[in-house]
Amino acid sequence: MSYVRDVGALARKDLLLELRARDTLPAMLLFVAAVFVVFHFALPGTPSRLETTGLLWVAILFTALLGLGRAFVPEREQRTLDGLVLAPCDRSAIWLAKSLATLAFLAAAEVVALPLYALFFHSVAGATVLAVVLADLGICGVGTFLGAMAVATRARDLLLPLLFLPLAVPIVVGAVGASVVASPGRYLGFLGLYDLLFAVVCWASFEYVVAE
Amino acid sequence: MSYVRDVGALARKDLLLELRARDTLPAMLLFVAAVFVVFHFALPGTPSRLETTGLLWVAILFTALLGLGRAFVPEREQRTLDGLVLAPCDRSAIWLAKSLATLAFLAAAEVVALPLYALFFHSVAGATVLAVVLADLGICGVGTFLGAMAVATRARDLLLPLLFLPLAVPIVVGAVGASVVASPGRYLGFLGLYDLLFAVVCWASFEYVVAE
Amino acid sequence: MLTARRLGKRYGEKRVLRRIDLVLPRGGFLVVTGPNGAGKTTLLRICAGLAQPTEGTIEREATRAQVGYLGHDPLVYRELTALENLELYGRLYRLPERRERVGMVLERFGLWEARHERVASYSRGMTQRLALCRVLLHDPELLVLDEPYSALDEAGAELLDAQLAELRGERTFLLATHDPARVEPLASAALALAS
Amino acid sequence: MLTARRLGKRYGEKRVLRRIDLVLPRGGFLVVTGPNGAGKTTLLRICAGLAQPTEGTIEREATRAQVGYLGHDPLVYRELTALENLELYGRLYRLPERRERVGMVLERFGLWEARHERVASYSRGMTQRLALCRVLLHDPELLVLDEPYSALDEAGAELLDAQLAELRGERTFLLATHDPARVEPLASAALALAS
Amino acid sequence: MGRTSRIPLPLLAAISLVLVTTALAFVFFVAPDDANQGFSQRIFYFHVSIAITAYACFAGGAWNALLHLWKRDPNADLRSYVCVHQGLIFGTLVLLTGSIWAKISWGHWWLWSEDQLVLFLVLYLFYCAYFMLRFSVDPGPQRANLSAVYALFGVVLIPVSFAAIRLAKNLIHPVVFTLHGPNFGGWILVTYCIAQTALLALAYTLYRLELGGKRLDVRLRRLREVLA
Ligand code: HEM
Ligand SMILES: Nc1ncnc2c1ncn2[C@@H]1O[C@H](COP(=O)(O)OP(=O)(O)OP(=O)(O)O)[C@@H](O)[C@H]1O
Ligand SMILES: Nc1ncnc2c1ncn2[C@@H]1O[C@H](COP(=O)(O)OP(=O)(O)OP(=O)(O)O)[C@@H](O)[C@H]1O
Ligand SMILES: [Mg+2]
Ligand SMILES: [Mg+2]
C-alpha cells in the first residue's frame, strides 16, 4: 500500500513539473504531427494499410524516445536524484513513477496522433489500439529505465537511443504484426510477455542504477 | 574579424563539450544503424522509394530535434548563459556559434546516414542532398533561436516550444517536397528563402532574447 | 551510531580519502573540517549512504528514513513551490502529521510567507533554508550536514544555532564546516581532514 | 563609476527593490548587506548589467569588457576543465596575453595542479575559486562580487582578502556579503537593504 | 568463468592451439564436400561455432554481471566486461564469416529479408551500445553497476528476439539441428564438434589473456600509488 502511495507521490510530482515547465509534451506533439506531414507528402495517393501501419509505429516509437530523453531532465538539471535516492521508499518506485508519468505523456500524444492517423490514412482497428497500449507499457518501462542509466553518463542524450533501439526491436515486431495480421492474438501475447519480462528485470535492478 | 573569432571560440566550446563524450561519431554510426534496423522491422518487405524517402526525413527530423534539444542543455543545466551574456562580444555571436555547433552535429549524423541509406535502401538524388543542406540550415538556425528562448528564464513561461511547430512545418514541407517531386527547383528556392529570412530575423533579434 | 574502519575512497586514479577511522556514538556531534578539496563532502556522502567507500567498511545504525542529509545542492525542484517540495518529501517519508510538520518547519525557518512561490524565484539563502526544512522535516536520528551555514544571513544562522542546540544530545550530528568556531560549543568530537 | 537613481525592481506583483539611490565613485568599495531575500543579488545583477531595473535609472561608466561579475552560480561549464573554461573566457574577452593570464590566475587561487580536471569533479570550494579566477581573468575595472567568500576555506578566504586589498583603490568594488566584518577594513561605503 | 588459479595460461594456450590446428585439419581434409554447395560449405564449421561461442561469451558476461550485482563479487565487473568484449570480437567474426558465406551462396553480402541476420545485427548493436555506455561513465562502482545491469538486459533480449523472429516469419535462415537433423552426422558432426570445442577453448584463452592483462594494469597502478 505504501508502495503505491510512494509511486503516486512521485508521479504526481512529475506531472506537476510538466505542467509548470511544459518541456516534454509539446516536443512530442510537434514530432508526431511533423511525421504525419512528412508521410502525407512522401506517400501521395492512397498508400496501403501495411505501409502506413509501419509509419504509425515509427512515429510512436520516436515520439516516445523524445519523451524518454526528457524524463530525467528535472532530476539531472537540479541534481535532485540524491533526494529521491535518500528517501526511505523502495528505489523501484522511482522507476515506476517515472514510467507512469512518461506513459501519461505518450498516451496524451497518442490521443492526438491516432485520430490524426485515421484522418490522414486509415482507420485504426481495435487490435491496433490494444497493441499501442501494450507497446506503450514496454516502451515506457524499458525506456525510463535506460533513461535513468543515460543520465548517469557523460554522453547522455545521444546514448539513450543507442541503448534503447535494440531493445525496442521486439516491440516493433510484435506491434506491427498485431496491427496487420488478421488474428493478432499471438502478437499481443508476445507483447504482453515482453512487458512482463522486462518489467520484472527493471523492477528488480533499478536499485543498482540510481544507488552506488 | 573579432566577430568571427568570438563565434569560433563559442562554437569550439560547444564542440569540445560534445566531444567530451569522446565517442560521438561512433555513437552516431550506431544510432543510424539502429534506426534503419527499426525501420526494417516496421516496414517489412521491400519499401518503395517514396516510403523510404519519408523514413529518411523522419530520421533527419528526429535527429535534428534531438540535437536541438541538447543545444542549450549545458547553458541551462549549469546556468552559464549569464557568463556569455556578460562577455563583450556581440550577442548574436552566441546564436551563430550555437547554430553552427548544432549544424555540425546534425551534418555529422547525416554524413553517416545518407551513404548508409543509399547502401541499404535507395540511392540519394542530388536534389535531396541539397534539400537536406537547406533544411539543416533552417532547422538549426530557428531551432537554436527558440532553444535560447526556452532557456532565458523570462521566456520559459510562454508556450515557446509550441512555436517551433508552425515554424518548422514549412521546412518539412519544402524539404520533403524537394526530394519527392520531379522538378524540385521551386521547393529548393522556397527553402533558401526561408533560411535567409529567418537567419536575418534571428540574427537581429537574438540580443533581446538573452539579455533583459 | 556510525562506525567507519579504514575508510578509503578513490575516484579512478585519484585517492581522496585514506584510512579514516571514525566512531560516532549515538548523541554525538562530530565536526569535520579541512581545506577545500580535502574530502569532507565525500566523507559525508559516504556516511549518509549516498556513496560507497572503495576501501574499508562503514556501519550505520540508522535506517534510510532516519538519516537527514544536507548537501551542497538543496535537492529540491526549482519549478515547484516550497510547499509542493516539502509535501513530496513528507509523502516519501510517510510522515504521520505531514501537513502540520510541513507548516511547522516552514515557519521555523521563516519561509511561511514564501511557501507558494516557486523555488526558482527564491534567493540563495531562502533556498538554503528550504533545504534545511527538507532535512528536518522527518526529524531524523542522524543528521549529516555539509556546510549548513552557507548562504544564511545572521538571523538564519541563529535559527540554525538554536535548532542544533535544541537537538544536541538527542540526535547524532555529523557536520562539515569552514567555520568550526561557530559550532565549537556543541561539538563532542572533531575530525580534521588534510588535503 | 556607478550612479543609480530611484532604482526599483519588481517581479510581477512582487516589489524587491524600492528607491535605491547609489553613487559609487571610481576606486570606491561599496559593501551591500541585508537579510536573505533582501534584494542584494537583484541589485548586483542590475549593476553588472545582467538585469534591467523596472523603475529608475542606472549609469555605468564601464563597458561590458570592464565589468567582472561573480554571482551565486560559478558560470563555468562543468564538463570542461578549468583550463578550457578560462581559455574560453580569455578568448571572449580578447585578452592580449591570454595563456599567461590564465596560468597566473589559476596559480593565484591554488588551482594550478587541478587545471586539467573537469569542473564536475571539483569540490565546492574549488569551483568557487575557479569562479574568482574567471572574474579576475580580464582584470576588470568594476568588480561586482556576490558573497565571494562563500564555500572558501580559510586559506582561500585569505587569498581573496589579499587580492581585494591589492586592488582596493585601483578598481571599483561592489560586494554583497553576510559577514561585513570581514571586509570592514576595505569598505569605503555600506548599503544595508531591509527585507 | 574461472578464477586465474585453474589452468595455467601457457598450458591453456597450448591446448587451444592444438585444438584449432586439429579443427582446421578436420575441416579441410576430413569433412566431406557438401552436396549442394561444395567446398565453400566448409566455412559452416567456423561460422556456426563462432556464433555459438559469441553467445557463450555474452552469457558469461551476463553471469558475471549477476555475480556482481547479487554477490557483490569485486572482480566480477572486470570479468563481465572481458566476456562481453570477447563476445563482441566473435560477433564481428560471425558477421564477417556469415557475409562471406552469403556472398558465396546467395550472391549478396547482406540480405535484409533474412530476419535472423538482422536479429544478429540487433544483438551486435546492443553490445556495441554496452561499450558506449561503459566508456561514458567514469570508472567506479556506478560504472560497474550500469554495465552489469545492461549486460543482464542482453540475456533477456536474446530469447525475446528469437521469439520475435519466430513470430515474424517462419525461419528462412537455416537451423541446422532441426532442418538437417537426420543427415547431420558422421564426419560432419565430428568435425563440427571439434571446431566448436576449439573455438570455445580459443575464446577462453583470449579471455584469460585479456583478464590477466587488465588485472596487471590495476595492480601496477596500485603499486605506483603506494610508492608515490
Ligand atoms: C546468431 C548468429 C548466427 C547463427 C547462430 C548462425 C547459424 C548458422 C547455421 C547453423 C548455419 C548452417 C545452416 C545449414 O548448414 O543449413 C548458418 C548458415 C549461414 N549463415 Fe548463419 N548464423 C548466424 C548469423 C549469421 C549472420 C550474421 C550471417 C550473415 C551476415 C549469416 C549468414 C549465413 C549464411 C549465408 C549461411 C548459409 C546458408 C545457406 O547457404 O543455406 N549467419 N548459420
Ligand atoms: N566525481 C569526482 N570525480 C573525481 N574527483 C572528485 C569527484 N568528486 C570529488 N572529487 C575530488 O575529491 C576531492 C574532495 O572533494 P570534496 O568535495 O569531498 O571536498 P570538500 O572537502 O568537500 O571540499 P570543499 O570544502 O571545497 O567543499 C577533490 O579534490 C575533488 O576534486
Ligand atoms: N526571478 C524572480 N522571480 C520572482 N521573485 C524573485 C526572482 N528573483 C528574486 N526574487 C525575489 O526577490 C527577492 C530578493 O532576492 P535576491 O536574490 O536579490 O535576495 P538576496 O538579498 O540576494 O538574498 P540572499 O542573501 O539569500 O542571497 C527574494 O524575495 C526573491 O524571492
Ligand atoms: Mg564540500
Ligand atoms: Mg543573493
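For clarity, every value in this text was computed on a predicted model and none was experimentally measured. Reckoned from all heavy atoms, side chains included, excluding hydrogens, waters and symmetry mates.
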Euclidean distance, D:Lys40 NZ relative to C:Asp153 CG, rounded to 0.5 Å: 7.0 Å

D:Arg15 atom CZ, neighbour heavy-atom count above 12 within 6.0 Å: yes

Atom pair CE/CG of D:Met126 and C:Asn36 - distance to nearest 0.5 Å: 8.0 Å

Looking at chain D, which one of C:Ala155, C:Ala151, C:Ala157 has the largest number of heavy-atom pairs inside 4.5 Å, strictly under? C:Ala151

Can you tell which part of D:Lys14 gets under 4.5 Å to a heavy atom of chain C, answering side chain, backbone, both or neither? side chain

From the list C:Asp146, C:Thr42, C:Leu152, the residue making the most non-hydrogen contacts under 4.5 Å with chain D is C:Leu152

Closest non-hydrogen atom pair between C:Ser123 and D:Gly37, with its separation: OG-N, 3.3 Å

Would you mind checking which part of D:Gln128 comes under 4.5 Å of any heavy atom in chain C, side chain (CB onward), backbone (N, CA, C, O), both or neither? neither

Which atoms of D:Thr41 approach chain C - backbone, side chain, both or neither, heavy atom under 4.5 Å: neither

Separation between CD (D:Glu147) and CZ (C:Arg124), nearest 0.5 Å, reads 5.0 Å

Over 12 foreign heavy atoms within 6.0 Å of CZ, D:Arg18: no

